[in-house]
Amino acid sequence: MRQLQITPPSAPDSEIRLWIYWYFASTGRAPSPVEVAREFVLTPDQAERALTRLQREADALVLIPGSPYIWMAEPFSAVPTSFLVRSREMQWWGNCVWDAFGILALLGVDGEISTACPNSGQALRVTVIGNGLAETAGIVHFAVPARDWWRDIGFT
């Protein structure tokens, strides 16, 4: 599936983290712990422990509470959200509008973000072309200051 070779039986967490981002970017979804284990020739338990370390020690990702499954690897969301990001035939979910922009910037691609006004429910589409907005009308509002985002990242 990929060209980077990892030496078994264990891979450094940073390599697992990088592969998780590659997987999200390539497939539009998060890998399961079993897929992580298979890719890095780990037992499922070793993969789950690596994912837990990446959450706890590196703030590299967020697991679904009470499980070893990935919920977020910023800026990607493993679950559908109100921020659908599309570029050509690929699509991803952003955790917020900021993350939706971040996906397009991280991947260096043009694309469209589909969401809705939280007040009126009116559909909103934002197009990014050449690292810039196609139109500049609109306002982005962040209800929680950036310094507080990781206090409760699921809420933010």
| request: Identify the residue among F83, W71, F24 that makes a ring-ring contact (aromatic ring centres under 6.0 Å, His included) with F76. | output: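 By the ring-ring contact (aromatic ring centres under 6.0 Å, His included) criterion, F76 pairs with just one of F83, W71, F24: F24.
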So, for [X] and [Y], which heavy atoms are closest and what is the spacing to 0.1 Å?
X	Y	answer
L84	R86	CD2-NH2, 2.9 Å
M90	A25	CE-O, 3.6 Å
Y69	S32	CE2-CB, 4.1 Å
A116	L124	C-CD1, 3.8 Å
E74	N95	OE1-ND2, 3.4 Å
P31	I70	O-CD1, 3.9 Å

| message | Between R53 and E48 (salt bridge meaning N to carboxylate O under 4.0 Å), is one present in this structure? | response | no
Transitive ILVMFWY side-chain link [X] to [Y], under 4.5 Å:
X	Y	result
I64	V62	yes
L133	I129	no
V109	L106	yes

| Step by step, would you call N131 with L104 a side-chain contact (heavy atoms from CB on, under 4.5 Å)? | CA-CA 8 Å; N131 294 322; L104 295 172; over 6 Å; no
Look only at the side chain of [X] and the backbone of [Y], and say whether a donor-acceptor pair between them is shorter than 3.5 Å.
X	Y	result
Q55	L63	yes
D13	L54	no
E39	V36	no
S82	T115	no
S120	C117	no
T81	G94	yes

| Should we say atom CZ of R56 is surrounded by more than 12 heavy atoms from elsewhere, each under 6.0 Å from it? | yes
| said: Check this for me: Q122, atom CD, are more than 12 non-hydrogen atoms of other residues, nucleotides or ligands nearer than 6.0 Å? | reply: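 It does not: Q122 CD has 12 such atoms or fewer within range.
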| request: Kindly indicate, with the supporting measurements, whether the criterion side-chain contact (heavy atoms from CB on, under 4.5 Å) is fulfilled by V85 and Q91. | output: CA-CA 5 Å; V85 181; Q91 73 175 35; over 6 Å; no
| Within-4.5 Å side-chain heavy-atom neighbours: P33 and P68 | yes
| said: For a 4.5 angstrom cut-off between non-hydrogen side-chain atoms, does D110 reach T127? | reply: no
| message | Using the rule given for side-chain contact (heavy atoms from CB on, under 4.5 Å), can you reason through W92 versus S87, listing the C-alpha separation, both sets of side-chain angles and the distance that settles it, and then say yes or no? | response | CA-CA 9 Å; W92 308 269; S87 180; 3.9 Å; yes
| said: Show, in sequence, the C-alpha distance, side-chain angles and deciding distance for F101 and I113, and conclude whether the side-chain contact (heavy atoms from CB on, under 4.5 Å) test is met. | reply: CA-CA 8 Å; F101 284 121; I113 300 165; 3.6 Å; yes
| task | Specify whether W19 and F40 have parallel, tilted or perpendicular ring planes, treating 30° as the upper limit for parallel and 60° as the lower limit for perpendicular. | result | perpendicular
| request: Go through E35 and Y23 one step at a time and tell me if the side chain to side chain donor-acceptor pair (under 3.5 Å) criterion holds. | output: CA-CA 10 Å; E35 290 168 316; Y23 197 93; 3.0 Å; yes
| From E15 CD over to I20 CD1, what is the distance, rounded to the nearest 0.5 angstrom? |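 The CD atom of E15 sits 12.0 Å away from the CD1 atom of I20.
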